[in-house]
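Just so it is clear, the values below take in all heavy atoms, side chains as well, and ignore hydrogens, waters and symmetry mates. Index from 1, following the sequence.
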Amino acid sequence: MADRATPVRPIILGGDIGAYATARTFHETYGVRSVVLAGVATWAVTGSVAVDHRVVTGLSDPDLLVASVRDVVAEEPGTTHLVLGSADWLVDALVTHRDRLPGVVVPYAGSEAMAQVTDKGTFTALCEQLGIPVPATVVLRAADGPAAAAGLTFPVVVKAASTTAYHAVDFVGKKKVDRADDVAELGQVLARIAAGGFGGDLLVQELVPGGDAEMAAVNLFFDADGVWRFAQFGRVLLEEHTPGALGNSVAQVTGVNAEAVDQARRLLEHVGWRGFANVDLKRDPRDGVYRFLEVNPRVGRSGYAVTASGHDISRMYVEAFVDGRPAEPLVSSAEHLFHVVPLPLVRRYVSRADAALARRLARAGRATNPLMYRAERNPRRWANIAAAQLNQFRKFARYYPR
């Protein structure tokens, strides 16, 4: 039953599955529709009972973004508005321009803390300073060429230090993450990125071996005073492999890993974090150590795993940033399967042990796909969801590495 005791109207920037999952959480708990502002109409949020979807062309313009949020607030001036971003660059814009949004709750860390952990170069240096394991890494510019990465052992991965800066460029062959198996291939990757017009810092990082099941994440939540309230470890079962979405988790099981949670908490406490963070890690099968890869400064797409396992994200935001209620810190030990692709597909591409785990959790009623929200009544929406779910079989058949 929805709790209507606290009037809050969420504004969510971006129209992906993560935006929908967050809107669903607020709808389930408070009975409110979130205003979702996105640059284009997307199937993930269109026609939803939980979403007031509005297309704002050119949302990457900070002035337009601020004006659009203000326009929404002006519709209900007596209501508390809380604004969230579903992508790193949108969070960065909100943090940068929060002073232009008076009266709006912007539940994120300050610019300095944000810069320390969202820039992958400074993040890596900070982890090393704190004794947190990371892969061997070199920070360079594409124009420096492959010689600047001398000393690394191949294969390596190449990714932009700043997701926000990389979002601003577009070129043929652009990937979220590139891989190079030798010096010559690294040179080709760097040349393509340089020709595409990206002149910012890049990370060239030794590839931690292992497949999707070695990946993991820690979700953490800090209140407005920087006190941590919640942490949860999740082990990935399966990831996306399309070039533009490589590495996005599509199936994850929440569970327990005290060491990883403690390291993630120390890292974020050190910089004075606020709000949610999603920390990506990968277990190195050579020594069993989880190495930290990056921090997403927001509720990620897999953030609904937190709600599904019994820890309501929307209630955390409201109680910490709107009501100012104190809360005892909690490390979740709940075991729950989060997935955004059909379960038969998950079982097809994971190990036998993980397929059995997925089957057991599903039979026990501890498996959740955030898209399957029973409150939805729009037939066209359900048709879009069905088409998107079926399309996942085609995508995995084409892109999943053999």
Minimum heavy-atom separation for Ala50 to Glu376, with atom names? N-OE2, 4.4 Å
Once you round to the nearest 0.5 Å, how far does CG of Asp92 lie from OG of Ser111? 7.5 Å
Is Arg9 paired with Glu75 through a side-chain N to carboxylate O contact shorter than 4.0 Å? yes
Between Glu214 and Lys282, is there a side-chain N and carboxylate O pair less than 4.0 Å apart? no
Test item: side-chain donor near acceptor, Asp312 and Thr307, under 3.5 Å: no
Distance-minimising heavy-atom pair for Val279 and Ala264: CG2-CB, 4.2 Å
Are any non-hydrogen side-chain atoms of Asp212 and Tyr400 less than 4.5 angstrom apart? yes
Which distance, rounded to the nearest 0.5 Å, do you find between the NE2 of His167 and the CG of Leu90? 7.0 Å
Decide whether Glu335 and Thr254 meet the rule of one side-chain donor and one side-chain acceptor closer than 3.5 Å. no
Between Val346 and Val341, is any pair of side-chain heavy atoms under 4.5 Å apart? yes
Using 4.0 Å as the upper bound for N to carboxylate O, is an ion pair formed by Lys120 and Asp201? no
Looking at Val117, Val91, Asp88, which hits side chain to side chain contact (heavy atoms under 4.5 Å, CB included) with Asn296? Asp88
Could you walk me through whether Arg381 and Asn384 pass side-chain hydrogen bond (donor to acceptor under 3.5 Å, both in side chains), step by step? CA-CA 5 Å; Arg381 173 171 180 79; Asn384 288 337; over 6 Å; no
Under 30°, 30 to 60°, or over 60°: which ring-plane class applies to Phe230 and His311, parallel, tilted or perpendicular? tilted
Between Phe198 and Tyr166, what is the ring plane arrangement, given parallel below 30°, perpendicular above 60°, and tilted in between? perpendicular
Any side-chain heavy atom of Leu190 sitting closer than 4.5 Å to one from Leu140? yes
Any salt bridge between Asp284 and Arg291, counting N to O under 4.0 Å? yes
Give a yes or no on whether the backbone of Arg374 and the side-chain of Arg377 come within a donor-acceptor separation of less than 3.5 Å. yes
Under a 3.5 Å distance rule, please check whether Thr122 uses its side chain to pair with a backbone N or O of Gln116 as donor and acceptor. yes
For Asn219 and Asn278, indicate whether the former's side chain and the latter's backbone hold a donor-acceptor pair under 3.5 Å. no
Do the side chains of Arg366 and Leu337 get nearer than 4.5 Å, heavy atoms only? no
Sub-3.5 Å donor-acceptor pair from the side chain of Glu185 to the main-chain atoms of Asp181, do we have one? yes
Any side-chain heavy atom of His336 within less than 4.5 Å of one from Thr368? yes
Can you give me the closest heavy-atom contact between Val134 and Glu128, atom names plus distance? CG2-CG, 3.8 Å
Give, for atom OG1 of Thr242 and atom CZ of Phe396, the distance between the pair rounded to the nearest 0.5 Å. 8.0 Å
With Asp354, which of Arg235, Arg359, Arg347 fulfils side-chain hydrogen bond (donor to acceptor under 3.5 Å, both in side chains)? Arg235
How long is the span from the CD atom in Gln392 to the OH atom in Tyr349, to the nearest 0.5 Å? 10.5 Å
Going by the side-chain hydrogen bond (donor to acceptor under 3.5 Å, both in side chains) test, name the single residue among His241, Lys176, Glu239 that passes it with Asn248. Lys176
Would you please test Leu186 and Phe154 for side-chain contact (heavy atoms from CB on, under 4.5 Å) and show each step? CA-CA 10 Å; Leu186 176 60; Phe154 287 87; 4.1 Å; yes
Are Ser249 and Ser302 close enough that a side-chain donor and a side-chain acceptor fall under 3.5 Å? no
For the pair Val318 and Asp323, evaluate side-chain contact (heavy atoms from CB on, under 4.5 Å) and give the outcome as yes or no after the intermediate values. CA-CA 6 Å; Val318 170; Asp323 297 341; 3.7 Å; yes
Closest approach of Thr57 and Leu64, non-hydrogen atoms and distance? O-CD2, 3.0 Å
How long is the straight-line distance from OG of Ser309 back to OH of Tyr304, given to the nearest 0.5 Å? 10.0 Å
Heavy-atom check, side chain of Arg348 versus side chain of Phe393, under 4.5 Å: yes
Donor-acceptor under 3.5 Å (Arg98 side chain, Tyr108 main chain): yes
Could you tell me whether Arg266 and Asp262 make a salt bridge, using a distance below 4.0 angstrom between a side-chain N and a carboxylate O? yes
Distance, nearest 0.5 Å, that separates CZ of Arg298 from OG of Ser86: 7.0 Å
Do you know which of Tyr317, Phe222, Phe321 makes ring pair (Phe, Tyr, Trp, His ring centres under 6.0 Å) with Phe276? Tyr317
Within the distance-only criterion (no hydrogens, no angle test), does the side chain of Arg229 pair as donor or acceptor with the backbone N or O of Glu328 below 3.5 angstrom? no
Could you pull out the closest heavy-atom pair between Ala113 and Trp273, with the gap in Å? O-CZ3, 3.9 Å
Keeping Asp144 on the side-chain end and Ala148 on the backbone end, is there a donor-acceptor pair under 3.5 Å? no
Quick check: do Leu65 and Leu94 have side-chain heavy atoms less than 4.5 Å from each other? yes
Sub-4.5 Å side-chain heavy-atom contact between Lys159 and Leu202: no
Quiz question: by atom type and distance under 3.5 Å, do the side chains of Gln205 and Thr137 form a donor-acceptor pair? yes
Ala260 and Leu281 have their tightest heavy-atom pair at CB-CD1, 3.8 Å
Check: Ser162 side chain, Thr118 main-chain N or O, donor-acceptor pair, under 3.5 Å: no
Without swapping roles, check the side chain of Ser34 against the backbone of Val36 for a donor-acceptor pair under 3.5 Å. no
Donor-acceptor pair, distance only, cut-off 3.5 Å: does the side chain of His81 make one with the backbone of Thr79? yes
Would you please test Leu82 and Ile11 for side-chain contact (heavy atoms from CB on, under 4.5 Å) and show each step? CA-CA 6 Å; Leu82 181 145; Ile11 304 171; over 6 Å; no
